[in-house]
J.: 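Here's a structure for you.
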Amino acid sequence: MIKITLPDSSVREYEKGVSGLDIARSISNRLAKEVLSITVNGEVCDLTRSIEADSTIKLNTWDDAEGKHAFWHSSAHLMAEAIDVLYPGTKFAIGPSIEMGFYYDLDLPEGKQITDKDLKKIEQKMLELARQKNAFVRTEMAKEEALAHFTEKGDEYKQELISELEDGTITFYEQGGFTDLCRGPHLPNTSYIKAIQLNSIAGAYWRGDEKNKMLTRIYGVTFPKAKFLDEYNKMMEEAKKRDHRKIGKEMELFTFSQSVGQGLPLWLPKGAALRERLENFLKVVQKKFGYEQIITPHIGDVRLYKTSGHYQKYGADSFQTINTPAEGEEFMLKPMNCPHHCEVFKFKPRSYKDLPTRFAEFGTVYRYEQSGELHGLTRVRGFTQDDAHIFCRPDQLKEEFKKVIDIIFIIFKALDFKEYTAQISLRDPQKPEKYIGTPENWDKAEQAIVEACEEKGLNTITELGEAAFYGPKLDFMIKDALGRSWQLGTIQVDYNLPERFELEYIGSDDKRHRPVMIHRAPFGSMERFCAVLIEHTAGKFPLWLTPEQVVILPISEKYNDYAAKVSNYLNICDIRSIVDDRNEKIGRKIRDNELKRIPYLLIVGEQEAENETVSVRRQGEGDKGTMAMKEFADFINDEVRNQLSEIYN
RNA sequence: GCCGGGAUAGCUCAGGGGUAGAGCGCAUCCUUGGUAAGGAUGAGGUCGUGAGUUCAAAUCUCAUUCCUGGCUCCA
């Protein structure tokens with residue numbers, strides 16, 4: 001007998017050689033049905049693998065990432081089997097599970113092609129094969145033997161993969177008539193897979209290298225219950241509805257023009273006003289934290305970027321330089337604000353008493369992003385960073401870091417981002433050659449970040465080797481209303497630029513010292529942030545931010561004058577209102593304006609006009625009763641004040 | 001940049017070798033209304049751009065611009 005320890009620390013005894021499936025059965029029938037894989041002493045395995053010694057286990061179901069992983073990985077094999085049947089001669093490269101589903105990269109036989117229209121056919125074949133309840137059988141083979149097998153098959157992809165594996169035994173999985181090189185684990189058999197949807201086809205380079213052959217990648221997702229597929233599709237639909245490109249158009253926030261150029265957003269009046277409110281909000285917050293606004297030009301002498309190192313490192317990813325043939329000058333459209341800010345710092349000698357010095361600018365930068373990479377507002381060629389650079393003494397680093405974290409939290413609160421993670425990116429201790437600056441400085445900076453996060457009680461993950469070459473950083477990822485993650489703000493420590501620009505301050509010892517720089521952008525870029533905000537809120541922005549806060553709906557044209565009077569009054573009270581004076585019935589006006597995402601609808605007719613009142617409707621909530629004009633104005637302003645409590649306190 | 005898909009009215013989209021369609025929106029008129037779609041009429045498009053094939057191209061071919069799903073990249 002062997003002892004099996006379960007996650008709740010309870011210990012059960014089983015025969016030697018017991019399988020995960022056996023254990024699940026001994027606990028409950030339901031668990032036996034739902035379990036997908038087993039983690040044995042930290043290693044995820046097949047449910048059918050026998051356990052030979054005392055172990056600590058965890059049974060993974062659909063609710064565990066490990067369970068989904070086995071499910072989708074097996075689905076990838078199932079898809080490969082279907083394609084192998086439908087398109088004989090296809091070579092299979094890699095087919096992993098991903099965050100939401102799986103894909104397989106294929107090299108189709110000469111002259112064959114799979115298009116969107118073929119996906120249904122493959123799905124059908126997969127369902128047919130799934131119903132056959134074929135077991136996923138694990139076999140082992142010596143490396144030589146495995147290599148010979150794929151050499152015979154003429155599959156150069158698997159050959160390459162195997163030849164890179166360590167010598168020894170190689171594992172294979174076979175289901176139906178399909179065998180694949182695979183570490184596993186897999187489901188016991190194909191019948192677990194009940195619902196299948198292949199989503200898209202894309203090109204993908206073999207091993208992600210653009211020098212290699214382009215393979216055909218098919219993305220799909222599968223589920224153990226048809227209901228889950230429905231839920232998945234509802235979720236995708238909702239995401240589509242919230243797409244910032246669609247809402248941006250509907251709400252007239254921004255647009256693009258072929259004539260202006262790709263990746264160059266045009267902010268329409270409502271979008272520009274919204275963005276301006278965001279900027280002003282941050283300006284007020286930053287002012288409280290001791291920042292000073294500066295303004296610098298959109299171009300800079302190329303020598304500036306040679307000094308900063310951006311030219312050498314990112315010259316190819318920047319727009320071509322602007323030349324003045326008559327005078328032989330050479331300028332770059334600025335890809336970063338920091339070099340300009342360093343020059344602002346150098347304007348005059350700085351004393352240790354002046355530090356930290358914090359320069360902020362909504363600086364528009366231009367980067368030559370690859371054309372295929374552009375996407376709505378999230379990836380553009382011209383964008384505005386809510387940039388600031390803090391020049392401080394090394395001993396001030398931690399305090400400054402904490403203050404930036406405070407600013408970021410004020411923003412999260414005002415914009416209702418409730419879930420976040422912060423990633424601390426440190427250097428890779430194995431590769432000191434990748435980084436500039438002394439190990440002592442790195443130690444200090446990393447320690448400052450780690451401690452700042454601890455003292456602020458941040459929810460962090462730490463990644464080694466993810467630091468920039470010039471310093472460690474802290475990135476914030478928020479989760480939106482649909483549970484999707486977006487990377488937003490960043491705080492980065494930099495020893496490089498102060499060095500390159502020879503920045504100095506006079507210390508209390510009357511000697512010259514080098515300051516440390518912190519780059520930080522809580523929003524990241526205004527464009528990207530607005531996109532995230534649109535998708536997070538589905539265009540229903542917080543009251544303080546939304547383009548139109550109130551719409552006034554006269555019952556009939558007789559009350560248009562009164563509606564205009566209310567609107568004027570509200571506008572004087574700093575409330576953004578419009579009037580819907582179309583010749584339509586009130587029901588129609590309510591419906592149309594509810595759909596326009598305006599937070600408050602005011603209905604005015606005979607009674608309201610007589611008493612100088614308004615009948616209030618909150619978007620999505622319905623009738624809220626009647627209020628006097630002034631009462632309503634105060635009510636709205638209170639709500640805004642409440643949402644922005646941080647900057648009013 | 002690379003591999004797919006696409007571009008038709010302000011928006012969403014159908015159509016398709018014989019000179020353009022729907023719904024919504026917009027305008028005008030009727031209606032003057034009380035909390036999620038009242039009715040009628042009408043205006044709107046050299047079918048992304050350029051070239052080619054053809055008696056004839058919005059439709060087929062090629063090029064090009066832009067959008068888009070991915071890959072690669074992201075200071």
Side-chain angles (χ1 to χ4, degrees), chain A residues 98 103 105 113-117 199-219 243 245-246 249-250 252 255-264 305 308-318 334-339 365 367-376 378-381 383 385 387 468-471 473 487 490 492 494 496-497 519 521 524-525 528 553-560 582-596 601-608 615-626:
Chain A
I98 52 177
Y103 67 79
D105 283 349
Q113 214 194 346
I114 295 181
T115 67
D116 293 338
K117 292 162 198 88
N199 290 320
S200 64
I201 301 180
Y205 302 109
W206 166 236
R207 319 214 87 175
D209 189 333
E210 56 190 318
K211 290 184 199 78
N212 289 337
K213 183 167 181 184
M214 177 78 70
L215 305 173
T216 303
R217 175 172 297 180
I218 301 183
Y219 283 91
D243 191 316
R245 294 167 300 188
K246 178 177 144 71
K249 201 183 278 181
E250 276 172 19
E252 300 189 356
T255 188
F256 291 88
S257 155
Q258 269 196 40
S259 308
V260 173
Q262 55 177 341
L264 300 171
Y305 301 101
S308 71
H310 289 115
Y311 183 81
Q312 295 85 326
K313 206 160 166 55
Y314 295 106
D317 301 316
S318 302
K334 78 174 167 191
M336 285 290 273
N337 301 302
C338 20
V365 297
R367 298 177 184 179
Y368 181 70
E369 303 286 356
Q370 294 187 40
S371 60
E373 203 39 64
L374 302 171
H375 178 94
T378 61
R379 196 75 189 269
V380 287
R381 284 178 162 176
F383 58 95
Q385 297 177 312
D387 214 356
F469 71 94
Y470 50 75
K473 61 178 180 175
Q487 204 211 302
T490 180
Q492 308 186 356
D494 188 350
N496 179 41
L497 284 184
H519 307 248
S525 99
R528 190 182 155 75
L553 315 179
I555 295 276
S556 84
E557 289 176 347
K558 280 188 251 167
Y559 311 106
N560 281 356
R582 291 176 308 161
N583 179 10
E584 294 291 350
K585 288 193 179 175
I586 196 64
R588 178 59 183 266
K589 290 188 189 181
I590 288 168
R591 182 187 147 78
D592 288 350
N593 286 288
E594 285 274 350
L595 295 176
K596 278 170 76 181
L601 280 61
L602 300 185
I603 289 148
V604 296
E606 190 175 357
Q607 294 159 36
E608 289 80 6
S615 174
V616 182
R617 241 188 106 96
R618 170 91 209 182
Q619 209 261 0
E621 292 175 20
D623 199 348
K624 293 280 172 192
T626 304

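Proteins come first, then strands; the chains are lettered A, B, ... in the order of their sequence lines, and each starts at number 1.
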J.: If you measure from the P atom in B/U12 to the same atom in B/U19, how many Å do you get, rounded?
T.: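 Comparing P positions in B/U12 and B/U19 gives a spacing of 28 Å.
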J.: Between B/C11 and B/U68, how far apart are the P atoms? Round to whole Å, please.
T.: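 Taking atom P in both B/U68 and B/C11, they lie 15 Å apart.
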J.: Over all strands shown, is A/Lys585 touching base, sugar-phosphate only, or nothing at heavy-atom distances under 4.0 angstrom?
T.: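 Base contact.
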J.: To the nearest Å, how far apart are A/Asn212 CG and B/C3 C1'?
T.: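 Distance check: A/Asn212 CG to B/C3 C1' gives 14 Å.
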J.: Taking the side chain as C-beta and beyond, is there a heavy-atom pair between A/Ser525 and A/Arg379 under 4.5 Å?
T.: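 Not touching, per the 4.5 Å side-chain cut-off.
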J.: So which nucleotide from B/A75, B/G33, B/C11 ends up closest to the side chain of A/Arg367?
T.: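 Taking heavy atoms from C-beta onward, the closest nucleotide is B/A75.
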J.: Taking C-beta and beyond as the side chain, do A/Arg367 and A/Tyr314 meet within less than 4.5 Å on heavy atoms?
T.: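 Of all side-chain heavy-atom pairs linking A/Tyr314 with A/Arg367, none is under 4.5 Å.
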J.: Can you find a side chain N or O atom of A/His375 that sits less than 4.0 Å from OP1 or OP2 on B/G69?
T.: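 True: A/His375 side-chain N/O within range (under 4.0 Å) of B/G69 OP1/OP2.
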J.: Between the main-chain N or O of A/Gly620 and the side-chain N or O of A/Glu594, is there a donor-acceptor pair closer than 3.5 Å?
T.: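 Indeed, once roles are kept as given, a pair shorter than 3.5 Å links the two residues.
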J.: In terms of side-chain heavy atoms of A/Arg617, which of B/A36, B/A75, B/U32 is nearest?
T.: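 Minimum distance to the A/Arg617 side chain belongs to B/A36.
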J.: What's the CG-P distance between A/Leu553 and B/A37, to the nearest Å?
T.: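 Distance, rounded to whole Å: 13 Å.
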J.: Check this for me: does any side-chain nitrogen of one of A/Lys624 and A/Glu621 sit under 4.0 Å from a carboxylate oxygen of the other?
T.: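 The answer is yes: the pair qualifies as a salt bridge.
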J.: By the 4.0 Å heavy-atom rule, please label A/Gly315 as base, sugar-phosphate, or nothing.
T.: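 Nothing, no nucleic acid heavy atom in range.
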J.: Assess whether a salt bridge exists between A/Asp209 and A/Arg207, defined as any Lys/Arg side-chain N lying under 4.0 Å from an Asp/Glu carboxylate O.
T.: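 Answer for the salt bridge query: no.
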J.: Which nucleotide, if any, forms a Watson-Crick or G-U wobble pair with B/G69, using both distances under 3.5 Å?
T.: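 Across any shown strand, B/G69 pairs with B/C3.
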J.: Less than 3.5 Å between a donor and an acceptor, one on the side chain of A/Arg217 and one on the base of B/C3, is that the case here?
T.: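 No pair found.
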J.: NA contact type, A/Ile586, heavy-atom cut-off 4.0 Å: base, sugar-phosphate, or nothing?
T.: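 Answer is sugar-phosphate: A/Ile586 comes under 4.0 Å of backbone atoms only.
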J.: Looking only at atom P, what distance separates B/C29 and B/G23, rounded to whole Å?
T.: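 Pairwise P distance, B/C29 against B/G23, rounds to 23 Å.
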J.: Could you work out which one of B/G34, B/G1, B/U12 sits closest to the side chain of A/Gln370?
T.: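 Nearest nucleotide to the side chain: B/G1.
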J.: Quote, to the nearest angstrom, the C1' distance that separates B/G18 from B/A27.
T.: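 Nearest-Å result for B/G18 against B/A27 at atom C1': 34 Å.
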J.: Over all strands shown, is A/Gly376 touching base, sugar-phosphate only, or nothing at heavy-atom distances under 4.0 angstrom?
T.: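 It contacts sugar-phosphate atoms only.
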J.: Look at the side chain of A/Ser615 and decide which nucleotide, out of B/U35, B/G70, B/G33, has an atom nearest to it.
T.: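 Taking heavy atoms from C-beta onward, the closest nucleotide is B/U35.
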J.: Syn or anti for B/G44, taking syn as within 90° of 0?
T.: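 It is syn.
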J.: For the OH atom on A/Tyr311, are there more than 12 heavy atoms of other groups (residues, nucleotides or ligands in this structure) within a distance under 6.0 Å?
T.: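 No - once you tally the heavy atoms of other residues, nucleotides and ligands closer than 6.0 Å, there are 12 at most.
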J.: Any donor-acceptor pair, under 3.5 Å, between the side chain of A/Asn583 and the base of B/U32, if you only look at N and O atoms?
T.: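 Checked by distance alone, the answer is no.
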J.: From the list B/U65, B/U32, B/C3, which nucleotide is the closest neighbour of the side chain of A/Gln258?
T.: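 Output: B/U65.
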J.: Could you work out which one of B/G69, B/A36, B/C74 sits closest to the side chain of A/Arg379?
T.: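 Output: B/C74.
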J.: Tell me whether the NZ or CZ atom of A/Lys313 lies within the 45° cone about the ring axis of A/Phe469 and under 6.0 Å from its centre.
T.: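 Yes, a cation-pi geometry.
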J.: Report the base-pairing partner of B/U54 (Watson-Crick or G-U wobble, both distances below 3.5 angstrom), or none.
T.: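 Pairing partner: none.
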J.: Quickly work out the A/Lys211 NZ to B/G1 P distance and round it to whole Å.
T.: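 Atom-to-atom, A/Lys211 to B/G1, this comes out as 18 Å.
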J.: Do A/Arg207 and B/C71 share a donor-acceptor pair, side chain to base, under 3.5 Å?
T.: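 Checked by distance alone, the answer is no.
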J.: Which listed nucleotide (B/A75, B/G38, B/A36) is nearest to the side chain of A/Arg591?
T.: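 Nearest to the side chain of A/Arg591 among the choices is B/A36.
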J.: Considering only B/G70, B/C24, B/U32, which nucleotide approaches the side chain of A/Arg588 most closely?
T.: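 Of B/G70, B/C24, B/U32, B/C24 is nearest to the side chain of A/Arg588.
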J.: Please give the nucleotide sitting opposite B/G33 as a Watson-Crick or G-U wobble pair, both distances under 3.5 Å, or none.
T.: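 Across all strands, not a single nucleotide pairs with B/G33.
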J.: By the 4.0 Å heavy-atom rule, please label A/Asp592 as base, sugar-phosphate, or nothing.
T.: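 Result for A/Asp592 = nothing.
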J.: Side-chain N or O of A/Lys589 less than 4.0 angstrom from OP1 or OP2 on B/A37?
T.: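 Result: no.
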J.: Rounding to a whole Å, what distance do you find between A/Ile603:CD1 and B/A36:P?
T.: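 Those two atoms, CD1 and P, are 8 Å apart.
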J.: Looking just at side-chain N and O atoms, do A/Arg217 and A/Tyr219 make a donor-acceptor pair shorter than 3.5 Å?
T.: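 Checked: A/Arg217/A/Tyr219 side chains pair up, N/O donor to acceptor below 3.5 Å.
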J.: Just checking, is any N or O donor in the side chain of A/Glu608 or A/Tyr559 under 3.5 Å from an acceptor N or O on the other one?
T.: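 A/Tyr559 and A/Glu608 do not have a side-chain donor-acceptor pair below 3.5 Å.
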J.: My understanding is that a pair needs two contacts under 3.5 Å, Watson-Crick or G-U wobble. By that rule, which nucleotide pairs with B/G45?
T.: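 B/G45 is unpaired by these criteria.
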J.: Within the structure shown, what part of the strands sits under 4.0 Å from A/Phe256 by heavy-atom distance: base, sugar-phosphate, or nothing?
T.: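 No contact.
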J.: Rounding to an integer number of angstrom, what distance separates B/U28 and B/A43 when you compare their P atoms?
T.: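 So the two P atoms sit 15 Å from each other.
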J.: Can you check the A/Glu252 CD to B/C11 P distance for me, whole Å?
T.: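 Going from CD in A/Glu252 over to P in B/C11 covers 11 Å.
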J.: Taking the minimum atom-to-atom distance to the side chain of A/Asp623, which one of B/U35, B/G34, B/A75 wins?
T.: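 The nucleotide sitting nearest to the side chain is B/U35.
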J.: Using both distances under 3.5 Å as the test, list the Watson-Crick or G-U wobble partner of B/G21, or none.
T.: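 Result: B/C13.
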J.: Taking the C1' atom of each, how far is B/C67 from B/G48, in whole Å?
T.: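 The answer is 10 Å between these two C1' atoms.
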J.: Classify the nucleic acid contact of A/Glu250 as base, sugar-phosphate or nothing, counting any heavy atom under 4.0 Å across all strands shown.
T.: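 The answer is nothing, as A/Glu250 stays clear of every strand by at least 4.0 Å.
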J.: If you go through the side-chain atoms of A/Tyr205, does one of them form a donor-acceptor pair with the base of B/C3 closer than 3.5 Å?
T.: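 Check fails, no donor-acceptor contact within cut-off.
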J.: Respond yes when some side-chain nitrogen or oxygen of A/Gln262 is under 4.0 Å from OP1 or OP2 of B/C67, and no when none is.
T.: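 It does, given that an N or O in the side chain of A/Gln262 lies less than 4.0 Å from OP1 or OP2 of B/C67.
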J.: RNA chain B: A/Pro554 or A/Arg582, which has the more 5' nearest nucleotide?
T.: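 Its nucleotide being nearer the 5' end, the pick is A/Arg582.
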J.: If you take atom types as modelled and just measure distance, does the side chain of A/Glu608 reach the base of B/G34 with a donor-acceptor pair under 3.5 Å?
T.: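 Such a pair is found, so the answer is yes.
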J.: Measuring only the P atom in each nucleotide, how far is B/G21 from B/A37? A whole number of Å is fine.
T.: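 Pairwise P distance, B/G21 against B/A37, rounds to 32 Å.
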J.: Where the side chain of A/Ile555 is concerned, which of B/G69, B/U35, B/G34 is the nearest nucleotide?
T.: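 Side chain of A/Ile555 sits closest to B/G34.
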J.: Would you classify A/Gly372 as touching base, sugar-phosphate or nothing, given that sugar-phosphate means primed atoms plus P, OP1 and OP2, and contacts are heavy atoms under 4.0 Å?
T.: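 A/Gly372: base contact, heavy atoms under 4.0 Å.
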J.: Is A/Asp592 paired with A/Arg582 through a side-chain N to carboxylate O contact shorter than 4.0 Å?
T.: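 Yes.
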J.: Check this one for me: any side-chain N or O of A/Arg618 less than 4.0 Å away from OP1 or OP2 of B/A36?
T.: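 No.
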J.: Would you indicate what A/Ser200 reaches in the nucleic acid, counting non-hydrogen atoms under 4.0 angstrom: base, sugar-phosphate, or nothing?
T.: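 It contacts sugar-phosphate atoms only.
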J.: If the P atom of B/U61 is compared with that of B/A57, how far apart are they to the nearest Å?
T.: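 Those two atoms are separated by 16 Å.
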